[in-house]
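Here's the structure we're looking at; comments come further down.
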Amino acid sequence: KNPKSTKDSSNRTKYVVPMLWRQALAPGWGHYYADQKTKGSIYFVSALLAATYTLDQQNIFTSRRKDYESISNVYLFAALANNSSSNYDLLLQNQMQQSFNRSNDAKHNFNLGIQAFSSIYAISFIHSIISGTYLESHQAFYINSYPEFYNNQVGTKYTASYNWKF
């Protein structure tokens with residue numbers, strides 16, 4: 001149902017609640033519901049890209065952490081066996097340090113992806129509250145004048161009113 005299709009202000013479709021639950025399920029859907037298709041599309045595509053990046057970085061981090069753990073196990077077994085040379089120890093330590101750094105970088109990128117997605121989600125949610133509230137509020141200032149007859153005299157009656165519904 002298109003929220004802008006109703007003409008009568010007493011039967012207006014409310015925006016905030018429908019926008020919020022849609023926005024909570026999928027960023028951008030609430031804006032799309034309120035005929036703000038460009039904003040909705042931007043939020044949806046941004047959230048989708050951030051989620052894809054985050055999942056990709058999670059896979060990379062998991063893989064690199066497993067590599068680090070396997071190199072650490074090799075180094076641990078070699079140290080416990082006491083049959084390794086100092087050159088082999090240095091090589092394993094160097095590989096272990098490089099693997100740890102790669103794993104740490106992947107963890108950092110994964111955390112950035114989570115932060116990006118969370119930021120997009122929060123901003124789109126807050127923006128849907130603001131947009132929905134703006135669309136629901138109905139403000140108007142009216143000045144009316146009409147002729148008035150009083151005691152066989154013609155005059156003009158002026159009325160002013162201000163309506164604000166929230």
Exercise. Sorted by first residue and then second, give each salt bridge (charged side-chain N to carboxylate O under 4.0 Å, His left out) pair with at least one member in residues 37-53; sequence neighbours left out.
Key: Asp35-Lys37

Quiz item: Cluster partners of Val45, using ILVMFWY side-chain heavy atoms under 4.5 angstrom, listed by chain and number?
Solution: Leu49

Exercise. Supply the atom-to-atom distance Gln95 CD to Ile71 CD1, rounded to the nearest 0.5 angstrom.
Key: 5.5 Å

Exercise. Could you tell me which residues satisfy side chain to side chain contact (heavy atoms under 4.5 Å, CB included) with Phe44, sequence neighbours excluded, listed by chain and number?
Key: Leu48

Exercise. Identify, with sequence neighbours excluded, every residue that meets side chain to side chain contact (heavy atoms under 4.5 Å, CB included) alongside Ile114.
Key: Thr54, Phe110, Asn111, Ser118

Self-check item: Heavy-atom closest contact (Gln23 atom, Gly30 atom, distance)
Solution: OE1-N, 2.9 Å

Quiz prompt | Residue pairs, two or more places apart or on separate chains, that pass ring pair (Phe, Tyr, Trp, His ring centres under 6.0 Å) and touch residues 50-76 | solution = Tyr68-Phe100

Self-check item: Any Trp21 side-chain heavy atom under 4.5 Å of Trp29 side chain
Solution: yes

Quiz item: Do you know the tightest heavy-atom contact between Val74 and Leu92?
Solution: CG1-CD2, 3.9 Å

Exercise. Could you pull out all residues at least two apart from Leu55 that satisfy side chain to side chain contact (heavy atoms under 4.5 Å, CB included)?
Key: Gln58

Self-check item: Pair listing, salt bridge (charged side-chain N to carboxylate O under 4.0 Å, His left out) test, anchored in residues 95-115, at least two apart
Solution: none

Exercise. Heavy atoms only: give me the nearest Leu20-Phe125 pair and the separation to one decimal.
Key: O-CE1, 3.6 Å

Exercise. Taking Ser119 for its side chain and Gln115 for its backbone only, find out whether a donor-acceptor pair lies under 3.5 Å.
Key: yes

Exercise. First locate atom OG1 of Thr52, then atom CD of Gln57, and finally report the distance between them rounded to the nearest 0.5 Å.
Key: 11.5 Å

Self-check item: side chain to side chain contact (heavy atoms under 4.5 Å, CB included) involving Ala47 - partner list, sequence neighbours excluded
Solution: Pro27, Phe117, Ile120

Quiz item: Roughly how far, to the nearest 0.5 Å, is the OG atom of Ser103 from the CD1 atom of Ile60?
Solution: 11.5 Å

Quiz item: Which residue pairs pass the salt bridge (charged side-chain N to carboxylate O under 4.0 Å, His left out) test with at least one member in residues 58-81, sequence neighbours excluded?
Solution: Arg65-Glu69

Self-check item: Residues in side chain to side chain donor-acceptor pair (under 3.5 Å) contact with Gln97, at least two apart in sequence or another chain
Solution: Asn101

